[in-house]
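Note that the structure is a prediction, hence the values are computed from the model and not measured. Just so it is clear: chains get the letters A, B, ... in the order the sequence lines come, proteins before strands, and each one is counted from 1.
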Amino acid sequence: MNIVVCIKQVPDSAAKMAVEGGQISWGEAPLVLNPWDEFAIEAALQLIEAGGGDLTVVSVGGESAKEALKTALAMGCTQAILVSDPALQGADSQASAHLLAGVIKKVGNVEAAFFGKQAIDGDMGVTAAQTARLLGWPMLGLVASIKVEGGKLQVEKSLEEGRQVVECQLPAVVSVSKDIGEPRYPSFMGIRKASRATIPTWDLAEVGIGAPTSVVHWPEVLNPPVREVKTEIITGGSAQEIAEKLADKILEEKVL
Amino acid sequence: MDLALSEEQRMVQQMVRDFAQKEIAPLIKESDRSGQMNPLVLARMAELGILGMCLPVRYGGQGMDYISLGLACEELEVVDSTLRVVISVHVGLNSLGLFQWASEEQKQRFLAPQARGEKIACFGLTESGAGSDVANIQSSARRQGNAYILNGEKMWISLATKAQNCLWIGRTNPAAQEPHESLSAFLVELDRPGVKVGDLHGKLGMRAGSTGWIAMQDVHVPEENRIGEEGEGFKIAMACLDNGRYTVAAGATGLIRACLEASVRYAQERHAFGKEIGKFQLIQQKIATMVQSYEAARLLYLWAGWLKNQGLRNTRETSLAKWFSTEASFQAASEAIQVHGAYGYSDEYDVERYLRNAKGAVIYEGTSEIHQLMQAGYALGYRKDAALRCELPAYDAAFWQNP
């Protein structure tokens with residue numbers, strides 16, 4: 001079975017977003033493989049280990065995204081492709097989906113495309129569905145476990161009150177939830193392989209599509225307003241007096 | 001000398017960091033409080049290949065270099081010193097000793113299972129009456145035909161009750177003119193009849209780790225288990241210490257980093273006199289000193305690691321790194337508690353554990369006093385390193401990574 005996993009490089013989860021002049025800045029936070037995508041890689045690796053095949057990892061981004069791709073290679077992916085083109089600056093999720101669908105077609109013989117459930121920077125969570133729509137493939141979301149039998153994909157989905165078994169024909173798009181199990185760390189052998197790998201960069205011409213149009217824009221980005229907290233110590237001669245003052249204060253401030 | 005980390009080294013660093021932070025950090029306070037080693041630590045380190053990371057693939061290892069080993073030690077000790085101790089003992093003091101001194105047959109028989117993490121290894125040198133005074137150890141190995149009969153008790157042995165193999169030093173020739181020429185090294189499987197092991201309790205620190213004793217009473221060990229020549233035990237032990245001390249130095253660097261990170265975090269959270277305490281110059285001075293110590297300690301161990309990678313003797317540089325970084329880690333931990341005030345004195349925060357753990361490292365693997373004597377000896381020309389019959393092999397990626 002040949003699988004493509006689509007990943008994104010994002011600021012580390014500990015990074016704090018700051019908005020300066022309407023522009024988002026993550027400061028000097030290190031860039032990492034999107035944590036949700038690690039679950040997608042883990043799920044795909046388990047399928048490849050059980051049934052054989054190739055696992056191609058793809059990312060759209062700048063040169064730095066090769067680091068995230070190398071992490072995926074070190075975890076065990078077979079090959080990596082970076083898609084990078086100046087025309088992709090500011091691409092929205094639909095533009096990314098156009099591109100990913102093009103890459104998946106070009107890789108060829110792909111039976112499944114895996115995604116993390118969302119990226120922790122944009123938090124849109126729609127790229128998997130948009131890519132499935134463009135490919136004309138069924139999409140199974142928030143998948144917690146996966147089986148493949150006779151060209152059919154059967155998954156368990158995590159729901160609030162239990163699990164749901166869903167199946168569809170391959171090829172299909174899958175977005176993976178964390179219930180799949182802890183993603184593995186890169187192995188030493190994988191690290192050696194990844195550090196020596198030359199990752200090809202495809203531009204739009206190589207993918208064979210024109211510049212996709214972004215239809216969603218972020219006209220305004222704001223940090224949440226800073227909460228002003230005032231502390232007042234209530235004093236009194238006795239516990240009774242303090243309690244009475246506190247009760248008055250609570251009523252006065254309309255807390256109750 | 002290029003100390004920029006390679007992509008491979010950075011990925012190793014990140015992998016070990018993720019393991020330590022995700023799997024061990026959430027449980028470490030409880031392990032320390034209960035004085036019990038987390039039973040999953042050794043199994044997980046074995047599974048991830050960390051127990052054989054800097055040994056050639058043909059000997060069951062992962063084929064990484066000595067700098068990667070140092071980086072891993074730094075990351076492990078950021079979480080807890082006892083994690084790094086596992087590497088110091090299993091890899092530094094024992095496995096790298098076998099890699100340097102054992103015959104090819106012994107490497108396949110003893111080193112490969114250790115590198116794969118199937119066997120856990122410890123190092124039996126120290127005795128209740130012989131720490132710094134190594135040449136005075138009393139344990140004996142009496143020859144009997146093609147075997148040796150081992151007797152004696154080793155103390156302060158990390159992983160004594162967890163290990164299956166011990167690189168054990170005993171006296172084979174009590175009549176030797178120079179006491180240190182009378183010692184020999186053996187790889188002893190600890191399931192041999194006559195071996196007893198136990199844990200030591202009541203330690204100031206290192207409570208999430210395992211420290212114990214190993215007693216041998218008429219233990220028969222075949223000649224094939226002797227590592228190196230008869231009478232080479234002192235040199236072998238000292239060579240093992242060059243490797244163990246390197247891991248201690250790198251680990252202590254991680255401990256300084258942990259102190260620094262905790263102090264910076266707290267200094268930005270805690271307010272006094274109307275502002276965060278990081279704004280006060282006396283707090284800044286403590287943090288600046290931690291930064292200085294961390295960067296200097298890091299350069300010292302990377303330097304030693306670079307020498308190891310080149311196959312160059314590094315006894316002096318490793319000793320310097322170990323002495324400096326362990327002393328600096330103790331100071332950093334003490335100051336980190338001061339930054340935290342009363343909270344630092346409680347185990348609600350990690351810094352008191354850092355101080356308790358840091359004290360151990362200025363004692364084991366050469367006390368600070370021994371390292372000062374060594375450094376003065378080199379400077380004054382009283383001490384010179386003679387070439388060894390077996391030197392630690394230089395890092396050769398092609399040889400190390402081919403099966």
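With hydrogens and angles left out, the side-chain atoms of A:Ser195 and B:Glu7 include no donor and acceptor closer than 3.5 Å. Judged purely by distance below 3.5 Å, without hydrogens or angles, the side chains of A:Asp179 and A:Ser158 pair a donor atom with an acceptor atom.
A salt bridge between B:Arg44 and B:Glu47 is present, with a side-chain N of the basic residue lying under 4.0 Å from a carboxylate O of the acidic one. Taking the charged nitrogens against the carboxylate oxygens, A:Glu241 and A:Lys245 do have a contact shorter than 4.0 Å, which makes a salt bridge. For the pair B:Glu261 and B:Arg257, the salt-bridge criterion is met [side-chain N within less than 4.0 Å of a carboxylate O].
In the displayed structure, A:Gln89 atom CD is contacted under 6.0 Å by at most 12 heavy atoms of other residues, nucleotides or ligands.
For the pair A:Lys178 and A:Trp36, the cation-pi test (distance below 6.0 Å, angle within 45°) is failed. Judged by the 6.0 Å distance and 45° axis criteria, A:Lys117 is not positioned over the aromatic ring of A:Phe39. Cation-pi geometry between B:Lys275 and B:Phe280 is met: the NZ or CZ atom falls under 6.0 Å from the ring centre, inside 45° of the normal.
The only option from A:Val4, A:Thr78, A:Ile3, A:Val107 that meets the side-chain contact (heavy atoms from CB on, under 4.5 Å) definition with A:Asp54 turns out to be A:Thr78.
For residues 68-93 of chain B, an interface with chain A (any heavy-atom pair closer than 4.5 Å) does not exist. For residues 395-403 of chain B, a heavy-atom distance under 4.5 Å to chain A picks out B:Gln401, given by residue number.
With a 4.5 Å cut-off on non-hydrogen atoms, A:Arg184 does not touch chain B at all.
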